[in-house]
Amino acid sequence: MVDFKDIIANEIYDEALGLSIDDIRNLIEIPADEKMGDFAFPCFRLAKALRKAPQMIAADIAGRISGNEAFAKVENVNAYVNFFINRAYFASQVVSEVNDLGDQYGRSDHGAGRKVIVEYSSPNIAKPFHIGHIRSTVIGNAIYKLYDAIGFDVVRINHLGDYGTQFGKMIVAYRKWGSEEELAHDPIKTLLKYYTRFHKEAKDDPSLEDEARETFVRLEAGEPEEVALWKKFRELSLAEFNRVYDMLDITFDSYAGESFYSDKMPRFIQELKDKGLLIKSEGAQIVDLEEYGMSPAMITKSDGSSLYVTRDIAAAVYRKEHYDFYKCIYVVASQQNLHFKQWKKVLELMGYEWEKDCIHVPFGLVSLSDGDDIKMMSTREGTVVFLEDVLNTAVEKTADIMREKQTSGVDIDTVSREVGIGAVIFQELSNNRIKDYVFSWDKVLNFDGETGPYVQYTHARASSVLRNASEEDLAGVRAGEFDWSKLNSDSAYTLVKLLYRVPEVVLEAANKYEPSILTRHLVDIAQSFNKFYHDEHILVEDKDEKLAKLALVLASRTVIANCLGLLGIKAPERM
Ligand code: ARG
């Protein structure tokens with residue numbers, strides 16, 4: 001891709017200056033005031049070596065550079081050489097590159113040969129996949145796609161919450177009040193009902209809790225009856241989760257969840273003992289973290305059963321040994337910050353240096369717009385909003401809007417899915433992930449705001465312009481044989497600059513684990529495209545101008561589709 005700093009450095013380079021190309025590159029500035037050009041080269045540093053006033057050096061350099069097509073103007077102002085980009089040249093370089101690369105534009109090979117694990121979604125078996133889980137699922141999927149785009153070999157892991165004392169409760173409840181039929185009919189809601197009842201009844205009858213604990217110990221010991229029930233709950237739950245993943249078009253490479261590590265834990269408990277890190281505390285075994293300002297990490301309970309953190313220790317070491325990751329990224333709510341801090345500290349104390357490559361990527365809470373904080377959505381109380389219902393509602397509401405708008409020639413069934421679900425995903429990825437946010441239908445489905453539907457609509461608009469162009473024009477655009485000089489308006493230039501920055505934005509979003517950086521850039525592109533579309537006639541008489549503008553429309557459409565794809569959102573051609 002065209003690199004103006006490179007061009008400038010090569011033009012300025014002269015042995016007599018005593019600066020390498022890289023030195024020159026590093027000196028180039030971007031003036032705050034556009035009137036001073038797009039780039040500027042300050043000459044102060046050269047004064048000593050050349051025994052000349054910096055102004056004169058700047059004048060010499062400016063005089064020496066002439067006729068490079070990359071610049072419309074090169075002039076010196078005081079000690080600076082100012083460079084004004086030739087907009088049409090810039091547009092020709094960027095637009096041609098995008099159109100040549102097509103769906104590969106924005107991708108790079110920064111991570112080539114290295115493996116990254118992204119762990120995300122990780123819902124709890126036999127519990128609802130509620131709206132709170134959407135964040136990990138959607139943010140994690142975007143982070144996976146970003147790392148894939150910058151060339152890493154990515155392994156997607158769903159660390160299912162398929163283990164723990166709650167399964168003791170679930171099994172006890174099912175044995176007492178469950179029916180096979182009811183369970184088969186609507187598994188998760190039914191299991192949730194039993195689980196809720198368990199907690200209600202356990203308030204009056206604490207012996208239920210003991211029974212549940214014993215049951216979990218039997219499960220952990222591999223007793224066939226308990227294992228069979230646990231397996232059944234797991235399978236039924238996974239089938240329901242997969243329905244949601246299908247709607248979101250999300251897949252995983254591994255579903256090795258907490259249970260996967262159940263037989264791997266003794267090794268670590270022994271290791272912790274050998275390293276002198278375990279201490280007994282009221283029958284339980286803990287790692288004391290007081291020195292580090294944290295509460296202790298509980299490794300085993302008094303009945304010998306394992307805990308969440310124990311399984312996370314086993315999982316991390318297993319992943320390092322099995323995948324030899326360069327980075328292992330955990331996309332988990334900020335509510336679990338303490339858990340991840342404790343866990344990292346334990347790994348560090350165990351001497352695993354690579355714990356620094358394990359990265360917890362936290363995110364804030366979703367609450368509902370009627371003021372119901374997500375915290376109030378309690379599994380125990382049975383008051384939760386199911387993600388599947390949210391997605392279905394989004395699709396229905398979108399279909400209603402589309403029918404109202406009477407969009408013709410559109411397959412409402414397919415497009416309302418793509419737009420409705422895309423809208424929910426886009427909303428999730430719009431804000432800085434760490435911020436808490438309020439879910440509101442008005443915001444999500446607004447076709448004019450900074451939303452998914454708005455960006456998708458822009459993509460459909462660009463597609464429609466291209467549909468209205470003649471075959472001959474499109475062939476001309478593809479062949480690239482036209483004069484670009486008329487593509488130099490302000491609105492075209494702003495748009496081209498945004499398209500140009502996409503690979504850099506993708507890289508930044510990946511490095512910061514922050515898909516919202518790309519989402520916001522995408523909104524800028526859509527707004528800039530719409531300004532260009534409104535400001536200018538595209539299918540004009542002048543053939544060169546028409547083809548250059550169509551080429552820019554094609555490039556914009558490609559970039560919008562690519563960026564939506566990186567966020568996990570579809571790009572319909574009509575809507
Ligand atoms: N299952 C957990 C939950 O829904 C999230 C798991 C996070 N991942 C981890 N390795 N601890 O709360």
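Note that the numbering runs from 1 along the sequence shown for the chain. Because the structure is a prediction, the values reported are computed rather than measured.
- Distance alone, capped at 3.5 Å, is enough to place a donor-acceptor pair between the Thr451 side chain and the Tyr454 backbone.
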For salt bridge (charged side-chain N to carboxylate O under 4.0 Å, His left out), just list the numbers for Arg25 and Asp22, CA-CA rounded to whole Å, side-chain angles, deciding distance to a tenth of an Å, and then say yes or no. CA-CA 5 Å; Arg25 233 193 111 94; Asp22 266 352; 5.2 Å; no
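- Using a cutoff of 4.0 Å between basic side-chain nitrogens and carboxylate oxygens, Asp524 and Lys497 are not scored as salt-bridged.
- Under a 3.5 Å cut-off, the side chain of Arg135 and the backbone N or O of Phe363 do not form any donor-acceptor pair.
- Of all non-hydrogen atoms in Leu522 and Ile560, the two that sit nearest each other are CD1-CA, 4.0 Å.
- Of all heavy-atom pairs spanning Ala173 and Phe198, the tightest one is CB-CB, 4.2 Å.
- Applying the salt bridge (charged side-chain N to carboxylate O under 4.0 Å, His left out) rule to pairs touching residues 292-316 yields Glu258-Arg311, sequence neighbours excluded.
- Counting only distance, with no hydrogens or angles, the side chain of Ser136 and the backbone of Ser121 share a donor-acceptor pair below 3.5 Å.
- The two atoms that bring Pro296 and Ile286 nearest to each other are CB-CD1, 3.7 Å, heavy atoms only.
- A heavy-atom distance below 4.5 Å is found between the side chains of Phe325 and Trp354.
- To the nearest 0.5 angstrom, Lys280 atom NZ is 5.0 Å from Gln285 atom CD.
- For Lys275, the NZ atom sits in a packed shell: over 12 heavy atoms of surrounding residues, nucleotides or ligands are nearer than 6.0 Å.
- Tested against Phe233 for a ring-ring contact (aromatic ring centres under 6.0 Å, His included), the candidates Tyr195, Tyr174, Tyr194 yield a single pass: Tyr174.
- Proximity of Asn158 to Ser254: side-chain heavy atoms (C-beta onward) are nowhere separated by under 4.5 Å.
- Using the six-membered ring where Trp is involved, Phe252 and Tyr255 have ring planes that are perpendicular, over 60° apart on the 30 and 60° scheme.
- Contact check on Lys231 versus Glu235 returns no salt bridge, with no Lys/Arg side-chain nitrogen under 4.0 Å from an Asp/Glu carboxylate oxygen.
- Ser306 places none of its side-chain heavy atoms less than 4.5 Å from the side chain of Thr300.
- The environment of CD in Glu209 is crowded: more than 12 heavy-atom neighbours from other residues, nucleotides or ligands sit within 6.0 Å.
- The cationic group of Lys115 does not satisfy the cation-pi geometry with Phe152, failing either the under 6.0 Å distance to the six-membered ring centre or the 45° limit from the ring axis.
- Of the charged side-chain nitrogens involved, none lies within less than 4.0 Å of a carboxylate oxygen, so that Glu211 and Arg175 do not count as a salt-bridged pair.
- Under the 4.5 Å side-chain criterion, counting only non-hydrogen atoms from C-beta, Leu160 is in contact with Arg234.
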Would Phe216 and Tyr163 count as a ring-ring contact (aromatic ring centres under 6.0 Å, His included) if you check the C-alpha gap in whole Å, the side-chain angles of each, and the deciding distance to 0.1 Å? CA-CA 9 Å; Phe216 178 63; Tyr163 219 61; 5.4 Å; yes
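- Between Glu355 and Lys345 no salt bridge is recorded (no basic side-chain N to carboxylate O distance below 4.0 Å).
- Closest of all the heavy-atom pairs between Asp3 and Tyr500 is CA-OH, 4.1 Å.
- Between the side chain of Asp288 and the backbone N or O of Glu290 there is at least one donor-acceptor pair closer than 3.5 Å.
- Crowding of Arg319 atom CZ: a count of heavy atoms from other residues, nucleotides or ligands under 6.0 Å exceeding 12.
- For Ser430 and Tyr437, the side-chain atoms include no donor-acceptor pair closer than 3.5 Å.
- With respect to the salt-bridge test (charged N to carboxylate O, under 4.0 angstrom), the residues Arg557 and Glu573 qualify.
- The heavy-atom pair separating Val172 from Ala212 by the smallest distance is CG2-CA, 3.7 Å.
- Proximity of Leu229 to Leu219: side-chain heavy atoms (C-beta onward) are nowhere separated by under 4.5 Å.
- Across every non-hydrogen atom of Val424 and Val444, the tightest pair is N-CG1, 3.9 Å.
- We find the OH-NZ distance between Tyr330 and Lys344 to be 9.0 Å, quoted to the nearest 0.5 Å.
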Salt bridge (charged side-chain N to carboxylate O under 4.0 Å, His left out) for Glu321 and Arg267? Distances and angles first, verdict last. CA-CA 14 Å; Glu321 289 174 354; Arg267 169 186 153 191; 2.8 Å; yes
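- When side chains are defined from C-beta on, Val317 does not count as touching Met350, because their heavy atoms never get closer than 4.5 Å.
- In terms of modelled atom types and a separation under 3.5 Å, the side chain of Tyr323 and the main chain of Val116 share no donor-acceptor contact.
- Between Gln342 and Ser295, some side-chain heavy-atom pair lies under the 4.5 Å cut-off.
- Applying the 6.0 Å contact sphere to NE2 of His339 captures more than 12 heavy atoms from other residues, nucleotides or ligands.
- Of the possible polar contacts, none joining the Asp109 side chain to the Gly151 backbone as a donor-acceptor pair under 3.5 Å is found.
- Lys341 NZ: 12 or fewer foreign heavy atoms inside a 6.0 Å radius.
- Residue Phe426 holds its CZ atom at 13.5 Å from NZ of Lys443, rounded to the nearest 0.5 Å.
- Checking side-chain atoms of Ser122 against main-chain N and O of His159 turns up a donor-acceptor pair under 3.5 Å.
- The CG atom of Leu365 sits 4.5 Å away from the CD atom of Gln335 when rounded to the nearest 0.5 Å.
- Geometric assessment of Lys264 against the ring of Tyr318 yields a positive cation-pi assignment under the 6.0 Å and 45° thresholds.
- For Glu348 and Tyr292, the side-chain atoms include no donor-acceptor pair closer than 3.5 Å.
- For Glu223, the CD atom counts as densely surrounded, since its 6.0 Å shell holds more than 12 non-hydrogen atoms of other residues, nucleotides or ligands.
- In this structure, the separation between NZ on Lys570 and CD1 on Ile425 is 8.0 Å, given to the nearest 0.5 Å.
- Between the side chains of Thr398 and Ser416, no donor-acceptor pair of N or O atoms lies under 3.5 Å.
- No donor-acceptor pair closer than 3.5 Å links the side chain of His133 to the backbone N or O of Leu387.
- Residues Ser305 and Glu220 bring no donor and acceptor atom of their side chains to less than 3.5 Å of each other.
- Remark: Tyr513 pairs with no residue by the ring pair (Phe, Tyr, Trp, His ring centres under 6.0 Å) rule, at least two apart or across chains.
- One side chain, Ser259 or Asp162, offers a donor N or O that lies under 3.5 Å from an acceptor on the other.
- Rounded to the nearest 0.5 angstrom, Ile525 CD1 and Gln527 CD are separated by 11.0 Å.
- Open room surrounds OH on Tyr457; 12 or fewer heavy atoms of other groups in view lie less than 6.0 Å from it.
- When atom types are taken as modelled, the side chain of Asn392 and the backbone of Glu388 share a donor-acceptor pair closer than 3.5 angstrom.
- No side-chain heavy atom of Cys328 sits less than 4.5 Å from a side-chain heavy atom of Ile359.
- Under the 6.0 Å cut-off for aromatic ring centres, Phe129 and Phe241 qualify, their centroids lying closer than that.
- At a cut-off of 3.5 Å, with distance as the only test, a side-chain donor of Thr251 or Arg156 sits close to an acceptor on the other residue.
- Remark: side-chain polar atoms of Arg114 are paired, donor with acceptor, to backbone N or O of His110 under 3.5 angstrom.
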